[in-house]
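Report on one structure; see the data block that follows.
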Number of protein chains: 2
Amino acid sequence: MRRGLEFKKKARIIIVDDNYEHLNGVRELIEIESDFDVVATATSASVAISLIKKYRPEIVLMDINMPEKDGLTAIAEIEKLDLGVRTIALTGYDDPDLIFRAMKIGAKGYILKTMASAQLIYAIDEVAAGKIYLPNTLSSRFFEYFQKSFKEELQSISDEENLLNYLTQREEEVLDLLTQGITYKGVAQKLFISETTVKTHVNNIFQKLQVNDRTQAVLYALNNGFLNKRKVKIAI
Amino acid sequence: MRRGLEFKKKARIIIVDDNYEHLNGVRELIEIESDFDVVATATSASVAISLIKKYRPEIVLMDINMPEKDGLTAIAEIEKLDLGVRTIALTGYDDPDLIFRAMKIGAKGYILKTMASAQLIYAIDEVAAGKIYLPNTLSSRFFEYFQKSFKEELQSISDEENLLNYLTQREEEVLDLLTQGITYKGVAQKLFISETTVKTHVNNIFQKLQVNDRTQAVLYALNNGFLNKRKVKIAI
DNA sequence: GAAGATTTAGACCACATGGTCAATAACTAA
DNA sequence: TTAGTTATTGACCATGTGGTCTAAATCTTC
């Protein structure tokens with residue numbers, strides 16, 4: 001255990017949990033089973049934030065399920081401070097949406113309260129060593145959720161129902177400029193054609209996309225992967 | 001090993017790799033070290049796809065680094081077929097961008113060629129059992145990349161430089177309706193105020209966002225996290 | 001209670017936008 | 001070669017949009 005940390009100074013930890021009993025349980029566990037240094041504890045997110053500013057710990061163990069200011073928002077705030085503090089989310093639920101949001105806002109680890117104590121120590125070890133750690137079961141859940149959301153996104157885009165596919169090349173060029181907030185006059189200049197021509201194209205675009213004005217056209221384009229079309233093709 | 005699969009039928013596998021030697025290496029490995037059934041192999045992505053349609057394997061081992069049609073595009077196509085085929089990416093590089101893109105398009109696992117053979121078998125086991133599997137080292141890389149991209153996205157948004165923050169509540173409501181492509185008249189009806197009032201609000205919005213028309217305003221709103229604001233506040 | 005911000009509203013004007021009809025040139029594809 | 005699609009342009013008109021100025025009612029905040 002504690003691989004590669006033998007010669008480093010002990011990682012300093014702050015524990016945040018509104019459940020006082022559980023807070024002390026975790027504290028004792030860490031003090032007995034590891035040689036990390038619990039420098040402070042808090043039972044609310046707002047107190048935690050000021051303690052973090054004061055003590056500048058390496059690690060924060062943050063309970064996610066708290067009243068008033070919830071743990072996720074707290075993690076987001078801590079990340080925003082940009083103090084290099086690494087936060088591990090601690091919760092009773094393995095809800096993939098929770099896991100996803102936690103990782104999204106910058107949590108460096110996510111541990112269930114029901115997991116073995118060794119797992120917690122190991123997670124802290126890893127995170128203290130600069131890694132991001134998710135237990136296999138949770139990372140599996142995360143990826144399922146991650147892929148599901150992307151799949152839905154792709155499906156909604158690459159449909160044959162996508163009216164954008166009916167646009168001609170020139171119309172796409174015009175729409176592209178519209179999605180940059182350019183006027184008739186501007187488009188005409190950029191494409192070296194008359195303003196009237198642009199209007200014709202724009203009207204045809206409206207017909208094909210079944211909308212009444214540029215704003216709706218731009219929104220349709222954006223919501224149906226107009227920009228992505230190129231990006232996805234090139235980037236995937 | 002092979003936990004929980006004792007009574008299921010052997011998973012059928014197709015291996016795809018343009019390197020013939022490596023292909024056979026992997027094949028032998030699987031045939032010797034596991035009891036999976038390698039039903040076919042292919043040295044190109046296009047051949048692989050037709051084989052997959054024919055054999056309907058449970059698992060596909062796909063080399064990512066291939067000429068012509070590359071492995072990632074192939075995985076995307078396989079996913080689009082929606083045959084329930086589960087693909088594991090196989091490559092020499094642990095480039096986080098590659099890992100990210102592979103998982104994004106639906107790969108159920110990602111293994112390095114340099115990894116121990118036991119690791120490969122284990123990965124197939126897990127994926128065959130319906131899980132998504134990434135070795136810890138790779139999942140760590142994935143998450144770093146994942147968080148970095150989100151951090152950049154958030155930073156560009158949550159700036160104090162975000163002109164959206166200067167909008168009053170009412171102006172936000174109006175802008176919200178504009179981002180749905182609604183006209184003056186429509187907004188007036190929705191908010192139970194006169195059209196003139198809407199125009200006043202809209203003009204103020206333009207001033208504050210430093211734009212000249214609704215399209216630009218909508219684009220500014222969308223590019224600077226206007227929709228996210230609520231979602232993030234409420235949903236995170 | 002006074003100062004300030006916010007929300008409401010009208011009037012007036014210039015111009016951008018959207019709708020429709022017609023017509024030519026060019027480049028496919030049958 | 002012919003029919004069809006695409007790209008181009010003009011004219012005309014109704015209306016939506018954006019700019020500016022003024023002003024009252026309401027709500028905060030000190």
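Keep in mind the model is a prediction, meaning the values are calculated, not measured. Here is how names work: the chains are called A, B, and so on, in the same order as the sequence lines, proteins then strands, and each is numbered from 1.
Of the listed nucleotides (D/dG18, D/dT9, C/dT17), D/dG18 has the atom at the smallest distance from the side chain of B/N203. Listed candidates were D/dG18, D/dT8, C/dT17. Nearest to the side chain of B/Y184 is D/dG18. Each of D/dG18, C/dG18, C/dA16 was ranked by its minimum atom distance to the side chain of A/K185; first place goes to C/dA16. Among the nucleotides D/dA7, C/dT8, C/dA9, the one closest to any side-chain atom of B/H201 is C/dT8. Of the candidates C/dA9, C/dA16, C/dG18, C/dG18 carries the atom nearest the A/F206 side chain, counting heavy atoms from C-beta on. Taking every side-chain heavy atom of A/T196 into account, D/dG10 is the closest of C/dA9, D/dG10, C/dT7. If you check C/dG19, C/dA9, D/dG19 against the side chain of A/K199, the one that comes closest is C/dG19.
If you check every strand for non-hydrogen atoms under 4.0 Å, B/T168 touches sugar and phosphate atoms only. Residue-level contact check: B/T183 touches the backbone only, with heavy atoms under 4.0 Å from sugar-phosphate atoms and none from bases. A/T197 comes within 4.0 angstrom of a base, heavy atoms only.
In terms of position on DNA chain D, the residue among B/T200 and B/D213 whose nearest nucleotide sits closer to the 5' end is B/D213. Along DNA chain D, the nucleotide closest to A/V198 and the one closest to A/K208 are compared, and the more 5′ of them pairs with A/K208.
Protein atom CG of B/N204 is 14 Å distant from nucleotide atom P of C/dA9, rounded to whole Å. In this entry the distance linking NZ of B/K190 with C1' of C/dT8 reads 21 Å, nearest Å. In this structure, B/Q216 places its CD atom 15 Å from P of D/dT17, rounding to the nearest Å. Remark: C1' of D/dA7 and CD of A/E172 are 15 Å apart, rounded to the nearest angstrom. One atom, CG of A/L175, and another, P of D/dT6, lie 16 Å apart when rounded to the nearest Å. In this structure, the CD atom of B/Q207 is 14 Å from the P atom of C/dT6, given to the nearest Å. One can place CD1 of B/I193 at 16 Å from P of C/dT6, the figure rounded to the nearest angstrom. Per the geometry, CD belonging to B/Q210 stands 17 Å off C1' belonging to D/dG18, to the nearest Å.
Salt-bridge formation is detected for the pair A/R170/A/E173: a Lys NZ or Arg NE/NH1/NH2 atom is positioned less than 4.0 Å from an Asp or Glu carboxylate oxygen. For the pair B/E195 and B/K199, the salt-bridge criterion is not met [side-chain N within less than 4.0 Å of a carboxylate O]. The existence of a salt bridge linking B/E58 and B/R86 is excluded, since no basic side-chain nitrogen approaches an acidic carboxylate oxygen closer than 4.0 Å.
Defined by atom type and a distance below 3.5 Å, a donor-acceptor pair is present between the side-chain atoms of A/S194 and A/T197.
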Query raised in the report: What do the steps show when you test A/E31 against A/R27 for salt bridge (charged side-chain N to carboxylate O under 4.0 Å, His left out), and what is the final call?
Result: CA-CA 6 Å; A/E31 283 172 346; A/R27 173 186 212 145; 3.4 Å; yes
Query raised in the report: Could you walk me through whether B/K113 and B/D63 pass the salt bridge (charged side-chain N to carboxylate O under 4.0 Å, His left out) check?
Result: CA-CA 9 Å; B/K113 291 182 176 177; B/D63 181 30; 3.3 Å; yes
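For the helix from C/dG1-D/dC30 to C/dA30-D/dT1, the angle separating the two terminal helix axes comes to 60°, with each axis derived from five pairs and the value rounded to 10°.
Using a 4.5 Å cut-off on side-chain heavy atoms (C-beta onward), B/V202 and B/Y184 make contact.
A distance below 6.0 Å separates the ring centres of B/F143 and A/F142.
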